[in-house]
Amino acid sequence: MFEDLYQEIIMDHASRPRNKGRVETPDAVVHADNPLCGDELTLSIRKGEDGAIEDIKFEANACAICMASASMMTVKAKGRTVEEAKELSSEFVRMLTADEETQPERITGELKVLESVRRFPMRVKCATLGWHALEDSLIEASKEQ
């Protein structure tokens, strides 16, 4: 039953991604790809005067896992400070790559459904592609200022 709910959430974000497109007047635009499977993603962000992520959008030609993860990432990152977004990204990647004893406790809600990707090591890169692009875009946006 939980597996069906997880699948439903992933397919919802994959087929109706949130924050799809390009940010107008971005502070950073980052392209990321996974040559092993062909996933490609471009992430654009704009920070507000307070330093928080004011707008974040992505364009992708990617599998359902990558699309869903990027969609969820944009929802969770919008409105966060750079440091909060970096911490969230780090914890998400750790959720998929760390051993059971070092799993982060702060990853909850819809993001937690992507934990099931751990069972498929070849798909971890798909799920983390957008998150790595987020980290790169935050570095890029900081250089611009």
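This one's a predicted model, so the numbers in the text were calculated from it and none came from an experiment.
- At distances below 3.5 Å, not a single donor-acceptor pair connects side-chain atoms of Thr128 with backbone N or O atoms of Trp131.
- The structure places CG of Asp27 at 9.5 Å from OG of Ser142, a figure rounded to the nearest 0.5 Å.
- At a threshold of 4.5 Å between non-hydrogen side-chain atoms, the residues Leu41 and Asp33 do not count as touching.
- Put simply, the side chain of Ile45 does not reach to within 4.5 Å of the side chain of Asp55, judged on heavy atoms.
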Stepwise salt bridge (Lys or Arg N to Asp or Glu O under 4.0 Å) test for Glu91 and Arg94: CA-CA 5 Å; Glu91 288 186 4; Arg94 198 172 84 219; 5.3 Å; no

CA sep, side-chain torsions, deciding dist, call: Leu114, Ile10, side-chain contact (heavy atoms from CB on, under 4.5 Å): CA-CA 8 Å; Leu114 289 167; Ile10 289 169; 4.0 Å; yes

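- For Pro17 against Lys20, the heavy-atom pair with the smallest separation is CG-CD, 3.7 Å.
- From Lys76, atom NZ reaches atom CD1 of Ile53 across 13.5 Å, with rounding to the nearest 0.5 Å.
- Salt bridge annotation for Glu54-Arg46: present, with a cationic side-chain nitrogen under 4.0 angstrom from a carboxylate oxygen.
- Here Cys63 contributes atom SG and Leu129 contributes atom CG; the two are 9.0 Å apart, rounded to the nearest 0.5 Å.
- The NZ atom of Lys78 lies 4.0 Å from the CG atom of Asn19; values are rounded to the nearest 0.5 Å.
- The distance from the CD1 atom of Ile65 to the CG atom of Asp39 is 10.0 Å, given to the nearest 0.5 Å.
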Verdict with reasoning, Leu43 to Val29, per side-chain contact (heavy atoms from CB on, under 4.5 Å): CA-CA 6 Å; Leu43 183 72; Val29 177; over 6 Å; no

Worked verdict on Met67 versus Phe58 for side-chain contact (heavy atoms from CB on, under 4.5 Å): CA-CA 9 Å; Met67 292 287 286; Phe58 77 101; 4.0 Å; yes

Pair Val82-Lys47, side-chain contact (heavy atoms from CB on, under 4.5 Å): steps then yes or no: CA-CA 9 Å; Val82 169; Lys47 296 188 316 185; 3.6 Å; yes

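- The cluster map of Ile, Leu, Val, Met, Phe, Trp and Tyr, joined by side-chain heavy atoms under 4.5 Å apart, puts Val23 and Leu138 in different clusters.
- Taking the side chain as every heavy atom from C-beta outward, Met72 and Ser69 never approach each other to under 4.5 Å.
- A salt bridge between Arg18 and Asp12 is present, with a side-chain N of the basic residue lying under 4.0 Å from a carboxylate O of the acidic one.
- Between Ser44 atom OG and Glu59 atom CD the span is 7.0 Å, to the nearest 0.5 Å.
- Residue Ala28 comes nearest to Ala141 through the heavy atom pair CB-N, 3.7 Å, listed as atom of the first residue, atom of the second, then distance.
- Checked by atom type and distance alone, the side chain of Thr74 pairs as donor or acceptor with a backbone atom of Ser71 at under 3.5 Å.
- In terms of hydrophobic clustering, with Ile, Leu, Val, Met, Phe, Trp and Tyr side chains grouped at heavy-atom distances under 4.5 Å, Met73 and Leu88 are assigned to a common cluster.
- Using a 4.5 Å heavy-atom cutoff, the side chains of Glu110 and Val75 are not in contact.
- For the pair Glu135 and Lys86, the salt-bridge criterion is not met [side-chain N within less than 4.0 Å of a carboxylate O].
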